[in-house]
Amino acid sequence: MATVVFAPDSFKGSATAAAVAEALADGWASVRPADRVVRVPMADGGEGTLDAFEAAVPGSHRHPVRVTGPDGAEREAGWLALPDGSAVVELAEASGIAAMPALAPFDAQTVGFGQAIAAALDAGATRLLLGIGGSASTDGGAGMLTALGARLLDGSGSVVSPGNRGLAAVERVELAGLRPLPPGGAHILSDVTSPLLGADGAAAVFGPQKGARDEDVAILESGLARFVKAVQEAGVDIDPATPGAGAAGGTGYGLLVWGALAAPGASAVGDALRLPSVLASADVVVTGEGRYDSQSAAGKVPEYVAGLATAAGIPALLAAGSIAAEPSRFAAAESLSELAGGSAAAIAEPLRWAHAAGAALARTFTAAP
(Lines give C-alpha, C1' and ligand atoms only; values in the text may rest on other atoms or scores of the structure.)
Protein backbone atom coordinates (compact mmCIF):
# COMPACT_ATOMS: atom_id res chain seq x y z
CA MET A 1 0.00 0.00 0.00
CA ALA A 2 1.29 3.44 -0.97
CA THR A 3 0.33 6.92 0.21
CA VAL A 4 -0.54 9.02 -2.84
CA VAL A 5 -1.00 12.80 -2.71
CA PHE A 6 -3.07 14.52 -5.39
CA ALA A 7 -2.09 18.19 -5.65
CA PRO A 8 -3.23 19.61 -9.01
CA ASP A 9 -4.02 23.17 -9.97
CA SER A 10 -7.39 23.93 -11.52
CA PHE A 11 -7.86 23.25 -15.22
CA LYS A 12 -8.76 26.88 -15.82
CA GLY A 13 -12.14 27.45 -17.40
CA SER A 14 -12.79 23.73 -17.30
CA ALA A 15 -12.62 22.20 -13.79
CA THR A 16 -11.69 23.28 -10.27
CA ALA A 17 -8.59 21.95 -8.55
CA ALA A 18 -10.75 20.14 -6.01
CA ALA A 19 -12.77 18.41 -8.73
CA VAL A 20 -9.62 17.45 -10.66
CA ALA A 21 -7.99 16.05 -7.50
CA GLU A 22 -11.11 14.00 -6.82
CA ALA A 23 -11.27 12.63 -10.37
CA LEU A 24 -7.57 11.76 -10.45
CA ALA A 25 -7.83 10.04 -7.06
CA ASP A 26 -10.90 8.06 -8.12
CA GLY A 27 -9.14 6.96 -11.29
CA TRP A 28 -6.08 5.91 -9.30
CA ALA A 29 -8.22 3.98 -6.82
CA SER A 30 -9.85 2.05 -9.68
CA VAL A 31 -6.43 0.49 -10.34
CA ARG A 32 -4.87 0.54 -6.85
CA PRO A 33 -7.77 0.44 -4.37
CA ALA A 34 -5.59 -0.37 -1.37
CA ASP A 35 -3.56 2.86 -1.60
CA ARG A 36 -4.16 5.71 0.83
CA VAL A 37 -5.05 8.87 -1.06
CA VAL A 38 -4.62 12.44 0.20
CA ARG A 39 -6.15 15.34 -1.71
CA VAL A 40 -4.48 18.75 -1.52
CA PRO A 41 -6.00 20.83 -4.35
CA MET A 42 -3.58 23.61 -5.22
CA ALA A 43 -3.53 27.08 -6.73
CA ASP A 44 -0.94 29.65 -7.75
CA GLY A 45 -2.88 32.80 -6.92
CA GLY A 46 -5.29 32.64 -9.85
CA GLU A 47 -8.72 31.16 -10.26
CA GLY A 48 -9.42 28.58 -7.58
CA THR A 49 -7.21 30.06 -4.86
CA LEU A 50 -10.14 30.57 -2.47
CA ASP A 51 -11.39 27.05 -3.18
CA ALA A 52 -7.95 25.56 -2.52
CA PHE A 53 -7.63 27.27 0.86
CA GLU A 54 -11.22 26.51 1.85
CA ALA A 55 -10.81 22.82 1.04
CA ALA A 56 -7.51 22.48 2.87
CA VAL A 57 -7.83 24.72 5.95
CA PRO A 58 -10.27 23.45 8.62
CA GLY A 59 -12.26 26.25 10.20
CA SER A 60 -12.02 28.61 7.23
CA HIS A 61 -15.15 30.60 6.43
CA ARG A 62 -16.19 32.27 3.18
CA HIS A 63 -17.80 35.72 3.39
CA PRO A 64 -19.91 37.00 0.48
CA VAL A 65 -19.56 40.61 -0.63
CA ARG A 66 -21.17 42.72 -3.35
CA VAL A 67 -18.58 44.46 -5.50
CA THR A 68 -18.24 46.42 -8.72
CA GLY A 69 -17.27 43.87 -11.34
CA PRO A 70 -14.59 44.44 -13.98
CA ASP A 71 -17.25 45.64 -16.42
CA GLY A 72 -18.70 48.13 -13.93
CA ALA A 73 -21.77 46.04 -13.07
CA GLU A 74 -22.45 44.90 -9.52
CA ARG A 75 -21.61 41.26 -8.83
CA GLU A 76 -21.30 38.77 -5.99
CA ALA A 77 -17.79 37.91 -4.86
CA GLY A 78 -16.27 36.79 -1.59
CA TRP A 79 -13.23 36.47 0.61
CA LEU A 80 -12.08 33.69 2.91
CA ALA A 81 -11.35 34.07 6.63
CA LEU A 82 -8.75 31.68 8.02
CA PRO A 83 -8.62 30.63 11.68
CA ASP A 84 -5.34 32.50 12.28
CA GLY A 85 -6.94 35.84 11.38
CA SER A 86 -5.65 35.91 7.81
CA ALA A 87 -7.94 36.64 4.88
CA VAL A 88 -7.60 35.27 1.36
CA VAL A 89 -8.90 37.49 -1.43
CA GLU A 90 -8.95 36.34 -5.06
CA LEU A 91 -8.88 38.90 -7.87
CA ALA A 92 -10.31 36.37 -10.34
CA GLU A 93 -13.54 36.20 -8.31
CA ALA A 94 -14.03 39.96 -7.93
CA SER A 95 -12.39 41.40 -11.06
CA GLY A 96 -11.64 38.40 -13.26
CA ILE A 97 -11.81 38.02 -17.00
CA ALA A 98 -14.45 35.29 -16.70
CA ALA A 99 -16.88 37.94 -15.40
CA MET A 100 -16.64 40.02 -18.58
CA PRO A 101 -19.62 39.69 -20.96
CA ALA A 102 -17.28 41.06 -23.64
CA LEU A 103 -13.59 41.93 -23.44
CA ALA A 104 -12.93 45.63 -22.87
CA PRO A 105 -9.17 46.27 -22.69
CA PHE A 106 -9.48 50.00 -21.98
CA ASP A 107 -12.43 49.98 -19.59
CA ALA A 108 -12.08 46.81 -17.49
CA GLN A 109 -10.97 47.67 -13.96
CA THR A 110 -10.05 46.31 -10.54
CA VAL A 111 -12.33 48.32 -8.23
CA GLY A 112 -14.13 45.17 -7.08
CA PHE A 113 -10.90 43.52 -5.99
CA GLY A 114 -10.16 46.54 -3.80
CA GLN A 115 -13.68 46.45 -2.39
CA ALA A 116 -13.26 42.78 -1.43
CA ILE A 117 -9.94 43.63 0.27
CA ALA A 118 -11.64 46.48 2.12
CA ALA A 119 -14.41 44.13 3.29
CA ALA A 120 -11.80 41.75 4.73
CA LEU A 121 -10.10 44.65 6.51
CA ASP A 122 -13.43 45.89 7.86
CA ALA A 123 -13.98 42.44 9.35
CA GLY A 124 -10.68 42.63 11.21
CA ALA A 125 -8.33 40.60 9.00
CA THR A 126 -4.83 40.70 10.48
CA ARG A 127 -3.02 39.50 7.35
CA LEU A 128 -3.93 39.41 3.66
CA LEU A 129 -3.12 36.73 1.09
CA LEU A 130 -3.97 38.22 -2.30
CA GLY A 131 -4.26 35.96 -5.33
CA ILE A 132 -4.07 38.08 -8.47
CA GLY A 133 -4.27 35.73 -11.45
CA GLY A 134 -7.04 35.78 -14.05
CA SER A 135 -7.55 39.54 -14.36
CA ALA A 136 -9.63 41.27 -17.02
CA SER A 137 -7.93 44.66 -16.95
CA THR A 138 -4.75 46.59 -17.66
CA ASP A 139 -5.34 49.38 -15.15
CA GLY A 140 -2.16 49.00 -13.11
CA GLY A 141 -4.24 48.21 -10.04
CA ALA A 142 -5.56 51.78 -10.08
CA GLY A 143 -9.15 50.69 -9.48
CA MET A 144 -8.08 48.56 -6.54
CA LEU A 145 -6.19 51.49 -5.04
CA THR A 146 -9.16 53.83 -5.37
CA ALA A 147 -11.35 51.33 -3.51
CA LEU A 148 -8.77 51.46 -0.71
CA GLY A 149 -8.79 55.25 -0.53
CA ALA A 150 -6.51 56.60 -3.28
CA ARG A 151 -7.66 59.31 -5.71
CA LEU A 152 -6.63 59.64 -9.36
CA LEU A 153 -7.23 63.14 -10.70
CA ASP A 154 -7.01 64.84 -14.07
CA GLY A 155 -5.70 68.33 -14.77
CA SER A 156 -8.90 69.97 -13.57
CA GLY A 157 -8.93 68.04 -10.31
CA SER A 158 -11.72 65.69 -11.35
CA VAL A 159 -11.61 61.97 -10.67
CA VAL A 160 -10.63 60.08 -13.83
CA SER A 161 -12.75 57.30 -15.31
CA PRO A 162 -12.03 53.67 -14.35
CA GLY A 163 -9.75 51.40 -16.31
CA ASN A 164 -6.73 52.09 -18.48
CA ARG A 165 -8.78 54.67 -20.35
CA GLY A 166 -8.74 56.86 -17.26
CA LEU A 167 -4.97 56.50 -16.85
CA ALA A 168 -4.50 58.50 -20.06
CA ALA A 169 -5.89 61.54 -18.23
CA VAL A 170 -4.11 61.15 -14.88
CA GLU A 171 -2.20 64.24 -13.75
CA ARG A 172 -2.08 63.63 -9.99
CA VAL A 173 -2.40 60.67 -7.65
CA GLU A 174 -3.34 61.23 -4.02
CA LEU A 175 -2.30 58.34 -1.76
CA ALA A 176 -2.70 59.93 1.68
CA GLY A 177 -6.16 58.41 2.08
CA LEU A 178 -5.03 54.84 1.47
CA ARG A 179 -6.06 52.40 4.18
CA PRO A 180 -3.15 51.07 6.23
CA LEU A 181 -1.95 47.54 5.74
CA PRO A 182 -3.09 45.03 8.38
CA PRO A 183 -0.57 44.16 11.13
CA GLY A 184 0.61 41.01 9.33
CA GLY A 185 0.96 42.79 6.01
CA ALA A 186 -0.37 41.94 2.57
CA HIS A 187 1.21 39.19 0.49
CA ILE A 188 0.79 38.97 -3.28
CA LEU A 189 0.26 35.43 -4.57
CA SER A 190 1.22 35.26 -8.24
CA ASP A 191 3.10 33.07 -10.67
CA VAL A 192 3.87 36.01 -13.01
CA THR A 193 7.29 37.68 -12.87
CA SER A 194 6.75 40.20 -15.69
CA PRO A 195 7.65 43.88 -15.20
CA LEU A 196 4.96 46.51 -15.57
CA LEU A 197 6.32 48.16 -18.73
CA GLY A 198 8.21 47.20 -21.87
CA ALA A 199 8.24 44.28 -24.28
CA ASP A 200 7.75 41.79 -21.43
CA GLY A 201 5.28 43.95 -19.54
CA ALA A 202 1.59 43.93 -18.73
CA ALA A 203 0.33 45.57 -21.92
CA ALA A 204 2.59 43.81 -24.41
CA VAL A 205 2.35 40.29 -23.03
CA PHE A 206 -1.10 40.13 -21.48
CA GLY A 207 -3.04 42.93 -23.20
CA PRO A 208 -3.92 40.79 -26.23
CA GLN A 209 -5.36 38.10 -23.95
CA LYS A 210 -7.72 40.77 -22.61
CA GLY A 211 -8.93 41.94 -26.00
CA ALA A 212 -6.25 44.45 -27.03
CA ARG A 213 -5.47 44.71 -30.73
CA ASP A 214 -1.89 45.24 -31.88
CA GLU A 215 -2.49 48.97 -32.20
CA ASP A 216 -4.01 49.13 -28.69
CA VAL A 217 -0.93 47.84 -26.89
CA ALA A 218 1.07 51.07 -27.20
CA ILE A 219 -1.90 53.07 -25.87
CA LEU A 220 -2.30 50.76 -22.89
CA GLU A 221 1.44 51.03 -22.25
CA SER A 222 1.27 54.83 -22.37
CA GLY A 223 -1.51 54.87 -19.77
CA LEU A 224 0.47 52.66 -17.43
CA ALA A 225 3.60 54.81 -17.85
CA ARG A 226 1.58 57.93 -17.10
CA PHE A 227 0.23 56.30 -13.95
CA VAL A 228 3.77 55.39 -12.81
CA LYS A 229 4.90 58.99 -13.31
CA ALA A 230 1.99 60.32 -11.23
CA VAL A 231 2.66 57.79 -8.46
CA GLN A 232 6.34 58.76 -8.38
CA GLU A 233 5.40 62.44 -8.17
CA ALA A 234 3.19 61.50 -5.21
CA GLY A 235 6.33 60.31 -3.43
CA VAL A 236 6.15 56.53 -3.92
CA ASP A 237 8.99 55.29 -6.08
CA ILE A 238 8.23 51.67 -6.91
CA ASP A 239 10.39 50.51 -9.81
CA PRO A 240 8.04 49.37 -12.60
CA ALA A 241 10.73 46.84 -13.58
CA THR A 242 10.21 44.96 -10.29
CA PRO A 243 9.48 41.30 -11.10
CA GLY A 244 5.76 40.72 -10.77
CA ALA A 245 4.78 44.39 -11.14
CA GLY A 246 3.14 43.48 -14.45
CA ALA A 247 1.05 40.67 -13.00
CA ALA A 248 -2.73 40.94 -13.44
CA GLY A 249 -2.56 43.89 -15.82
CA GLY A 250 -0.28 45.77 -13.44
CA THR A 251 -2.27 45.03 -10.29
CA GLY A 252 1.02 43.71 -8.92
CA TYR A 253 2.39 47.23 -9.29
CA GLY A 254 -0.62 48.77 -7.55
CA LEU A 255 -0.25 46.40 -4.63
CA LEU A 256 3.46 47.17 -4.34
CA VAL A 257 2.53 50.87 -4.22
CA TRP A 258 0.22 50.05 -1.28
CA GLY A 259 3.09 48.25 0.46
CA ALA A 260 2.26 44.62 -0.23
CA LEU A 261 5.05 42.07 -0.60
CA ALA A 262 5.41 39.70 -3.54
CA ALA A 263 5.52 35.93 -3.00
CA PRO A 264 5.58 33.11 -5.57
CA GLY A 265 1.97 32.05 -5.71
CA ALA A 266 2.35 28.27 -5.78
CA SER A 267 4.91 28.12 -2.98
CA ALA A 268 2.95 30.55 -0.79
CA VAL A 269 -0.22 28.50 -1.22
CA GLY A 270 1.71 25.25 -0.74
CA ASP A 271 3.26 26.51 2.48
CA ALA A 272 -0.13 27.64 3.77
CA LEU A 273 -1.56 24.20 2.98
CA ARG A 274 1.49 22.47 4.56
CA LEU A 275 2.15 20.55 1.37
CA PRO A 276 5.89 20.04 2.07
CA SER A 277 5.10 18.20 5.31
CA VAL A 278 2.33 16.20 3.64
CA LEU A 279 4.79 14.99 0.98
CA ALA A 280 7.36 14.05 3.61
CA SER A 281 5.22 11.03 4.51
CA ALA A 282 4.02 10.21 0.97
CA ASP A 283 5.24 7.66 -1.58
CA VAL A 284 4.22 9.53 -4.74
CA VAL A 285 2.52 12.80 -5.72
CA VAL A 286 0.27 13.49 -8.70
CA THR A 287 -0.04 17.08 -9.89
CA GLY A 288 -1.35 18.82 -12.99
CA GLU A 289 -2.81 21.84 -14.77
CA GLY A 290 -4.84 22.61 -17.85
CA ARG A 291 -1.87 23.17 -20.14
CA TYR A 292 1.70 22.21 -19.37
CA ASP A 293 4.00 24.31 -21.54
CA SER A 294 7.24 26.29 -21.51
CA GLN A 295 5.71 28.78 -19.05
CA SER A 296 4.98 26.09 -16.49
CA ALA A 297 8.52 26.21 -15.11
CA ALA A 298 8.05 29.87 -14.11
CA GLY A 299 6.54 29.19 -10.70
CA LYS A 300 3.42 27.30 -11.72
CA VAL A 301 1.96 24.51 -9.61
CA PRO A 302 3.33 21.38 -11.37
CA GLU A 303 6.95 22.53 -11.28
CA TYR A 304 6.62 23.67 -7.68
CA VAL A 305 5.18 20.29 -6.67
CA ALA A 306 7.88 18.48 -8.65
CA GLY A 307 10.51 20.41 -6.69
CA LEU A 308 8.93 19.40 -3.40
CA ALA A 309 8.83 15.79 -4.57
CA THR A 310 12.54 15.86 -5.35
CA ALA A 311 13.26 17.26 -1.89
CA ALA A 312 11.11 14.53 -0.33
CA GLY A 313 12.76 11.80 -2.41
CA ILE A 314 9.53 10.62 -4.06
CA PRO A 315 8.42 10.53 -7.71
CA ALA A 316 6.11 13.18 -9.16
CA LEU A 317 3.55 12.29 -11.82
CA LEU A 318 1.82 14.75 -14.15
CA ALA A 319 -1.71 14.88 -15.55
CA ALA A 320 -2.42 17.86 -17.82
CA GLY A 321 -5.13 18.84 -20.23
CA SER A 322 -2.43 19.16 -22.86
CA ILE A 323 1.33 18.78 -22.75
CA ALA A 324 3.27 21.17 -24.97
CA ALA A 325 6.71 20.93 -23.34
CA GLU A 326 8.90 18.05 -22.24
CA PRO A 327 7.82 17.06 -18.68
CA SER A 328 11.37 16.16 -17.76
CA ARG A 329 10.89 16.48 -13.99
CA PHE A 330 8.16 13.85 -13.87
CA ALA A 331 8.45 10.08 -13.65
CA ALA A 332 5.37 9.74 -15.87
CA ALA A 333 2.89 12.07 -17.55
CA GLU A 334 -0.57 11.75 -19.11
CA SER A 335 -2.31 14.20 -21.43
CA LEU A 336 -6.08 14.33 -21.17
CA SER A 337 -6.25 15.48 -24.80
CA GLU A 338 -4.37 12.41 -25.97
CA LEU A 339 -6.47 10.08 -23.86
CA ALA A 340 -9.67 11.68 -25.18
CA GLY A 341 -8.54 11.72 -28.80
CA GLY A 342 -8.47 15.51 -29.02
CA SER A 343 -8.55 18.71 -27.00
CA ALA A 344 -12.23 19.42 -27.69
CA ALA A 345 -13.28 16.10 -26.19
CA ALA A 346 -11.02 16.62 -23.16
CA ILE A 347 -12.39 20.11 -22.53
CA ALA A 348 -15.98 18.88 -22.89
CA GLU A 349 -15.52 16.17 -20.23
CA PRO A 350 -12.42 17.09 -18.19
CA LEU A 351 -13.31 15.01 -15.14
CA ARG A 352 -13.96 11.88 -17.17
CA TRP A 353 -10.52 12.15 -18.72
CA ALA A 354 -8.87 13.16 -15.45
CA HIS A 355 -10.25 9.90 -14.05
CA ALA A 356 -8.72 8.07 -17.01
CA ALA A 357 -5.40 9.87 -16.46
CA GLY A 358 -5.40 8.89 -12.79
CA ALA A 359 -5.93 5.26 -13.74
CA ALA A 360 -3.20 5.38 -16.38
CA LEU A 361 -0.73 6.92 -13.93
CA ALA A 362 -1.58 4.29 -11.33
CA ARG A 363 -0.76 1.58 -13.85
CA THR A 364 2.56 3.31 -14.54
CA PHE A 365 3.33 3.43 -10.83
CA THR A 366 2.37 -0.22 -10.46
CA ALA A 367 4.88 -1.11 -13.16
CA ALA A 368 7.65 1.03 -11.63
CA PRO A 369 10.45 -0.78 -9.82
Side-chain angles (χ1 to χ4, degrees), residues 4-30 37-56 90-93 96-99 131-136 189-192 206 209 248 265-266 269-270 273 275 285-306 316-325 327 329-330 332-362:
V4 190
V5 176
F6 294 88
D9 197 354
S10 64
F11 285 21
K12 293 178 175 56
S14 181
T16 67
V20 172
E22 187 74 22
L24 288 170
D26 287 349
W28 184 283
S30 70
V37 300
V38 180
R39 301 170 189 83
V40 185
M42 277 287 295
D44 57 17
E47 178 186 353
T49 298
L50 283 187
D51 292 337
F53 274 93
E54 186 173 26
E90 180 184 308
L91 183 148
E93 185 162 293
I97 194 168
I132 64 170
S135 73
L189 310 183
S190 174
D191 65 352
V192 174
F206 303 109
Q209 299 173 9
V269 174
L273 303 183
L275 185 58
V285 60
V286 181
T287 186
E289 63 181 339
R291 176 180 169 84
Y292 182 86
D293 57 22
S294 59
Q295 297 299 310
S296 296
K300 291 185 179 292
V301 166
E303 289 294 311
Y304 164 70
V305 173
L317 310 180
L318 174 70
S322 63
I323 298 177
R329 300 190 69 183
F330 299 93
E334 291 290 341
S335 162
L336 274 62
S337 294
E338 291 186 8
L339 290 170
S343 59
I347 291 170
E349 296 182 283
L351 300 182
R352 172 189 174 186
W353 297 108
H355 184 284
L361 290 171

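No hydrogens, no waters, no symmetry mates; every other heavy atom, side chains included, goes into these values. Bear in mind the structure is a predicted one, so any value in this text is a computation, not a measurement.
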Within this structure, what is the [atom1]-[atom2] distance for the pair [X] and [Y], rounded to the nearest 0.5 Å?
{"X": "Ser190", "Y": "Ile132", "atom1": "OG", "atom2": "CD1", "result": "4.5 Å"}
{"X": "Phe11", "Y": "Trp353", "atom1": "CZ", "atom2": "CH2", "result": "14.0 Å"}
{"X": "Glu289", "Y": "Asp44", "atom1": "CD", "atom2": "CG", "result": "8.0 Å"}
{"X": "Arg352", "Y": "Leu336", "atom1": "CZ", "atom2": "CG", "result": "11.0 Å"}
{"X": "Ile323", "Y": "Glu334", "atom1": "CD1", "atom2": "CD", "result": "7.5 Å"}

Polar side-chain atom of [X] near backbone of [Y] as donor-acceptor pair, under 3.5 Å:
{"X": "Thr287", "Y": "Ala7", "answer": "yes"}
{"X": "Glu90", "Y": "Thr49", "answer": "yes"}
{"X": "Ser322", "Y": "Arg291", "answer": "no"}

Original post:
Should Glu93 and Leu50 be marked as a side chain to side chain contact (heavy atoms under 4.5 Å, CB included) after you check the CA-CA gap, both sets of side-chain angles, and the distance that decides it?
Top reply: CA-CA 9 Å; Glu93 185 162 293; Leu50 283 187; 3.6 Å; yes
Contact summary for [X] and [Y], nearest pair of heavy atoms:
{"X": "Ala340", "Y": "Ala346", "answer": "CB-N, 3.7 Å"}
{"X": "Ala319", "Y": "Leu361", "answer": "CB-CD1, 4.1 Å"}
{"X": "Gly270", "Y": "Tyr304", "answer": "CA-OH, 3.4 Å"}
{"X": "Leu91", "Y": "Ala248", "answer": "CD1-CB, 4.2 Å"}
{"X": "Gly133", "Y": "Ala92", "answer": "O-CB, 3.5 Å"}
{"X": "Ser30", "Y": "His355", "answer": "OG-CE1, 4.1 Å"}

**OP:** Given side chain to side chain contact (heavy atoms under 4.5 Å, CB included), test Leu275 with Val5 step by step and report yes or no.
**Re:** CA-CA 9 Å; Leu275 185 58; Val5 176; 4.2 Å; yes
Subject >> Given Val20, Leu24, Val305, the one that forms side-chain contact (heavy atoms from CB on, under 4.5 Å) with Val286 >> reply: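 The passing option is Leu24.
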Original post:
Is the closest side-chain heavy-atom distance between Phe330 and Pro302 below 4.5 Å?
Top reply: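 Yes - at least one pair of side-chain heavy atoms lies under 4.5 Å apart.
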Subject >> Heavy atoms of other groups near Glu338 CD, more than 12 under 6.0 Å >> reply: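 For Glu338, atom CD is not crowded (no more than 12 foreign heavy atoms under 6.0 Å).
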